[in-house]
2 protein chains.
Amino acid sequence: MTAYVSSASPGAPETPPPGEPRWLDAHEQRAWRAWLYSAQLLQDRLDRELTHETGISHAYYEILVALSETEGRMMRMSELADKCLSSRSRLSHAVSRLEERGWVRRQVCAEDGRGQLAVLTDEGFAALEAAAPVHVEGVRTHLFDQLTPEQVENMRDLGETLLRHLDPTTIKALHQAPS
Amino acid sequence: MTAYVSSASPGAPETPPPGEPRWLDAHEQRAWRAWLYSAQLLQDRLDRELTHETGISHAYYEILVALSETEGRMMRMSELADKCLSSRSRLSHAVSRLEERGWVRRQVCAEDGRGQLAVLTDEGFAALEAAAPVHVEGVRTHLFDQLTPEQVENMRDLGETLLRHLDPTTIKALHQAPS
DNA sequence: GCCGAATAGTCAAGCCTTCAACTACGCTAG
DNA sequence: CTAGCGTAGTTGAAGGCTTGACTATTCGGC
């Protein structure tokens, strides 16, 4: 479904000439689709369950968690955006909506007049505390409960390998993560 | 960032009493985040590159591929939605937009008066043929080129394990997939 | 100090997704 | 044959995301 057009390369050479697409063989296709579908379904499922049971989408949840883990429960907008793999614009919109719920407030940054701080309110922290058990149960049920210890180890290895390529700076944050 | 609130369970027992959240330990946290971030970043990257270089989002690409692989390049709307992990409504909107581009057309289903067939046009097939090399190159560069054969095998194993839990019917389609 | 370049964040327009009706058709029982 | 129920698909409104333009502030060289 994703890398192939029916007519392509039934008997392609092992090493296609430069310029020719390097089509996936049957084994690669199967691995790719298994990864793609499972990632999609798992993310959808976790997001849906969390949203329905707590009213907090996974995107919002990540923002609240990121804030809750910092000293003073506050963070610069850009830093927060990076941590949540979000664009500046998207985060700005999201924080506005969280502000309307009373879970976050904005505060001008003392050191840099251009900057804004997003601050987690007590209400926001309470909402996070209420949602966390639901989320962790979802991750347990749909992920860890399904995997052997070896598979968990493989998952970590795979994820970190891809992260090193996709975003070398993110992986550092992983290692020093307080949680 | 995802399953933990800072104050929670620093010295939690090995097996929490029933009802207590089964918090993730440090090792599980790291595996979970590595998986989550890498999945997010990889999907974003592939979608962004495909969209910029071909004007076709990954969601549209999947629809075109699914149609191209069938006999007659046509498929029932519901079947197509299932294959693309999409809701009925979402697919209906997407097909409308693809229709405006002239890449797909709707046709009433002869056997079932309620049904509609989505049919891939020649223009649609040409668009797909143009996009496929871009997509496969992205998957190569950002995924397979980064992994050892063992890691690819682990990825397949992991994905299929999760699929068996999340959606047992999808995995069958994987095995008989023509690509 | 002052000017130009870079950075932080916001905003508006357009596209996409979701949710909840809603239409239309087919199937089965009485 | 027709009433009632289930299925297939569409639609419109509401809200979220992306892109590009815009404002405000800081930094770095002169």
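- Spacing between atom CD of A/Gln40 and atom P of C/dT17 amounts to 11 Å, rounded to whole angstrom units.
- As rounded to whole Å, 10 Å separates atom P of D/dG16 from atom CG of A/Leu98.
- Remark: C1' of D/dG15 and CZ of B/Arg90 are 16 Å apart, rounded to the nearest angstrom.
- Among the atoms of the strands shown, only primed sugar atoms or phosphate atoms (P, OP1, OP2) are found under 4.0 Å from some heavy atom of A/Arg76.
- Ion pairing between B/Glu160 and A/Arg30 holds under the 4.0 Å rule for side-chain N and carboxylate O.
- Closest to the side chain of A/Arg114, from the set C/dT10, C/dT7, C/dA24, is C/dT7.
- For C/dT10, one of the phosphate oxygens OP1 or OP2 lies less than 4.0 angstrom from a side-chain nitrogen or oxygen of A/Gln116.
- Straight-line distance from the CE atom of B/Met77 to the C1' atom of C/dA24: 15 Å, rounded to whole Å.
- Note on B/Arg48: a side-chain N or O is less than 4.0 Å away from OP1 or OP2 of D/dT19.
- In this model, the phosphate group of C/dC19 is not approached by any side-chain N or O of B/Arg88 to a distance below 4.0 Å at OP1 or OP2.
- A cation-pi arrangement is present between A/Arg73 and A/Phe125 under the rule of less than 6.0 angstrom and at most 45 degrees off the ring axis.
- The side chain of A/Asp112 lies closest to D/dT25 when the candidates are C/dC16, D/dT10, D/dT25.
- Note on A/Arg22 versus B/Glu137: salt bridge recorded, some NZ/NE/NH1/NH2 to OD/OE distance being below 4.0 Å.
- Regarding A/Asp44, its CG atom lies at a distance of 11 Å from the P atom of C/dT17, rounded to whole Å.
- Follow the hydrophobic side-chain contacts under 4.5 Å out from B/Leu166 and you reach A/Leu147 in the same cluster.
- Donor-acceptor pairing under 3.5 Å is recorded for the side chains of B/Gln107 and B/Arg105.
- Contact annotation: A/His52 side-chain N/O to C/dC19 OP1/OP2 distance is under 4.0 Å.
- Rounded to whole Å, the distance from CD on A/Glu62 to C1' on D/dC17 is 16 Å.
- Between the P atom of C/dT17 and the CD atom of A/Gln43 lies a distance of 15 Å, rounded to the nearest Å.
- Which of C/dA12, D/dT11, C/dG26 sits closest to the side chain of A/His93 comes down to C/dA12.
- Annotation: of the two residues near DNA chain C, B/Arg97 and A/Ser89, the 5′-most nearest-nucleotide partner is A/Ser89.
- Atom CD of B/Glu100 is separated from atom P of C/dG14 by 15 Å (rounded to the nearest Å).
- If you find the closest nucleotide of DNA chain D to A/Glu111 and to A/Ala59, the one lying nearer the 5' end belongs to A/Ala59.
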